[in-house]
Amino acid sequence: MIYFDNAATTRQHEEVTARMGQVASSCFGNPSALHHLGLEAEKCLREARKSLAKSAGVSEKELYFTGSGTESDNIAVFGAAAAGRRRGKHVICSAVEHPAVLEPCRALAEQGFRVDFLPVDGQGGIDLKALEALLSEETILVSLMAVNNELGTVEPLAEAGRLIRAKSKALFHTDAVQAFGKIALEPGRWNADLMSLCAHKLHGPRGVAALWIRAGVALPAIVRGGGQE
C-alpha cells in the first residue's frame, strides 16, 4: 500500500510504539502520587513535556497535555471567551478554520457573542485588511490557524499578530496542528497567546495533544476535578 493521507494522520513511529509499551509496563503509577511508581511516572511525564517544549520552542511550564487537537482548540476558544467576556464579546476566526475551532465559535455565537468569520483569498490566505477593520476594544479572541489543513496555506501569523496587538487587547490563538513538524513554530514572533498541537500528525500516538498557554494568560478550567493538567 502507498499511503497518501498523512495530512489526516500519520503511521505511528516504531520507536514511539516501543516507548509507549515500555512506559505502560514500567511507569504505570499515578504521576500525582508520592510513592516510587508515581515519582517514576512523573519523571516520564516531565521528560515528555520537556521534549515537546524544546521542539515547539516554548517553555515547558506553559504546556498542558490534552486528549486531542480538538480538545486543545476547544479549551482555547471557550477558555478565552470565558476569561474575556466581562470586557467584550467579540470573537474573530478565519472562515477556513478546522471544525475544532469553527464549531466552538458558532456555539459562542449562539450564546450571545458576536463572531466574525474572516474572509480568505483564492489560496486560503486570510485578508489582513479585513482583520484590521474588524479589530476593536471589544475583541477578546482571535483564532487563526498556522497552516490550513485542506490547502496547506501558510497563514501570515506574524503580520496578523502585530495587528492584533496594535488594535486590541484580544487573546491570539493559533491552531498549529498542521504546522507542527513542517514549519518553525514561532509563537513569540507571532505575538500568540495560545497554540494547539497534536501528536498524530507527525508519527506520534492518537489521543495525545497539547495546548500552549503563554505565561501570564489565565484561562478558567473547562474540565474540573483533575488538577494535574
Side-chain angles (χ1 to χ4, degrees), residues 5-12 16 20 45 48-49 52-53 55-56 58 62-85 91-111 113 115-118 120 124 126 140-155 157 170-183 185 187 190 192-214 217 219-229:
D5 205 23
N6 283 296
T9 194
T10 56
R11 179 180 180 180
Q12 185 166 299
V16 175
M20 289 177 69
L45 188 60
R49 200 186 308 272
L52 176 59
S55 62
V58 299
E62 300 170 325
L63 275 174
Y64 299 85
F65 288 117
T66 67
S68 66
T70 295
E71 183 181 344
S72 179
D73 282 336
N74 272 244
I75 291 172
V77 172
F78 287 125
R85 66 185 309 155
V91 173
I92 301 171
C93 75
S94 86
V96 293
E97 293 298 309
H98 188 277
V101 169
L102 286 176
E103 292 303 318
C105 285
R106 288 172 181 144
L108 289 177
E110 293 175 358
Q111 296 170 23
F113 287 80
V115 180
D116 281 308
F117 297 93
L118 190 66
V120 297
I126 60 170
I140 58 171
L141 169 66
V142 179
S143 184
L144 304 172
M145 58 179 18
V147 174
N148 186 268
N149 56 299
E150 297 290 346
L151 300 173
T153 307
V154 180
E155 300 291 359
L157 294 191
L171 292 178
F172 180 21
H173 166 248
T174 183
D175 178 345
V177 166
Q178 288 289 354
F180 192 25
K182 298 162 189 167
I183 66 171
L185 301 183
W190 298 339
D193 301 292
L194 306 158
M195 180 171 65
S196 296
L197 306 169
C198 191
H200 75 91
K201 300 292 187 181
L202 64 162
H203 306 286
R206 295 163 185 79
V208 179
L211 176 62
W212 170 76
I213 305 176
R214 181 178 59 78
V217 173
L219 299 186
I222 302 300
V223 179
R224 298 180 180 272
Q228 58 271 47
E229 286 299 323

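Remember, it's a predicted structure, so these values are computed and weren't measured experimentally. Hydrogens, waters and symmetry mates are skipped; everything else that's a heavy atom, side chains included, is used.
- One finds the OH atom of Tyr64 at 14.0 Å from the CG atom of Leu197 (value rounded to the nearest 0.5 Å).
- Atom-to-atom distance recorded for Ser196:OG and Ile213:CD1 is 9.5 Å, nearest 0.5 angstrom.
- Considering every non-hydrogen atom in both Ala56 and Pro187, the closest pair reads O-CD, 4.3 Å.
- Residues Phe180 and Leu52 have side chains in contact (heavy-atom distance under 4.5 Å, counting atoms from C-beta outward).
- Sorted by first then second residue, the salt bridge (Lys or Arg N to Asp or Glu O under 4.0 Å) pairs that include residues 91-109, not counting sequence neighbours, are Glu103-Arg106.
- Taking CZ from Phe117 and SG from Cys93, the interatomic distance works out to 5.0 Å, rounded to the nearest 0.5 Å.
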Kindly indicate, with the supporting measurements, whether the criterion side chain to side chain contact (heavy atoms under 4.5 Å, CB included) is fulfilled by Leu118 and Leu144. CA-CA 9 Å; Leu118 190 66; Leu144 304 172; 4.0 Å; yes
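- Between Phe65 and Leu45, the closest side-chain pair of non-hydrogen atoms falls below 4.5 Å.
- Side chains of Val91 and Ile140 form a contact here, defined as non-hydrogen atoms less than 4.5 Å apart.
- Here the shortest heavy-atom pairing between Gly69 and Val177 reads CA-CG2, 4.5 Å.
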Between Leu108 and Phe78, does a side chain to side chain contact (heavy atoms under 4.5 Å, CB included) hold up when you go through it step by step? CA-CA 8 Å; Leu108 289 177; Phe78 287 125; 3.9 Å; yes
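- Of all non-hydrogen atoms in Thr10 and Gly204, the two that sit nearest each other are OG1-N, 4.4 Å.
- Looking at heavy atoms from C-beta onward, Pro205 lies in side-chain contact with Val16 at the 4.5 angstrom threshold.
- Contact check for Leu185 versus Trp190: side-chain heavy atoms found under the 4.5 Å cut-off.
- To the nearest 0.5 Å, atoms CZ (Arg214) and CG (Leu194) are separated by 8.5 Å.
- Taking NZ of Lys182 as the start and CG of Leu202 as the end, the distance is 8.0 Å to the nearest 0.5 Å.
- For the atom pair Arg11 CZ and Asp5 CG, the distance stands at 15.0 Å (nearest 0.5 Å).
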Thr153 vs Val96, side chain to side chain contact (heavy atoms under 4.5 Å, CB included): CA-CA, chis, key distance, verdict: CA-CA 10 Å; Thr153 307; Val96 293; over 6 Å; no
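- Contact record, Ala192 with Thr174: CB-CG2, 4.5 Å, taken as the closest heavy-atom pair.
- Between His173 and Leu141 there is a side-chain heavy-atom pair separated by less than 4.5 Å.
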Just do the side chain to side chain contact (heavy atoms under 4.5 Å, CB included) check on Asn149 and Asp175 with the steps written out, would you? CA-CA 10 Å; Asn149 56 299; Asp175 178 345; over 6 Å; no
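- Here the side chains of Asn74 and Ile222 are not in contact, with every heavy-atom distance at 4.5 Å or above.
- Counting heavy atoms from C-beta on, the side chains of Met145 and His98 come closer than 4.5 Å.
- Shown here are the side chain to side chain donor-acceptor pair (under 3.5 Å) partners of Glu155, two or more places apart in sequence or in another chain: there are none.
- Across all non-hydrogen atoms, the minimal contact from Gln12 to Arg206 is OE1-N, 4.4 Å.
- Counting all heavy atoms, side chain and backbone alike, Ser94 lies closest to Leu102 at O-CD2, 3.6 Å.
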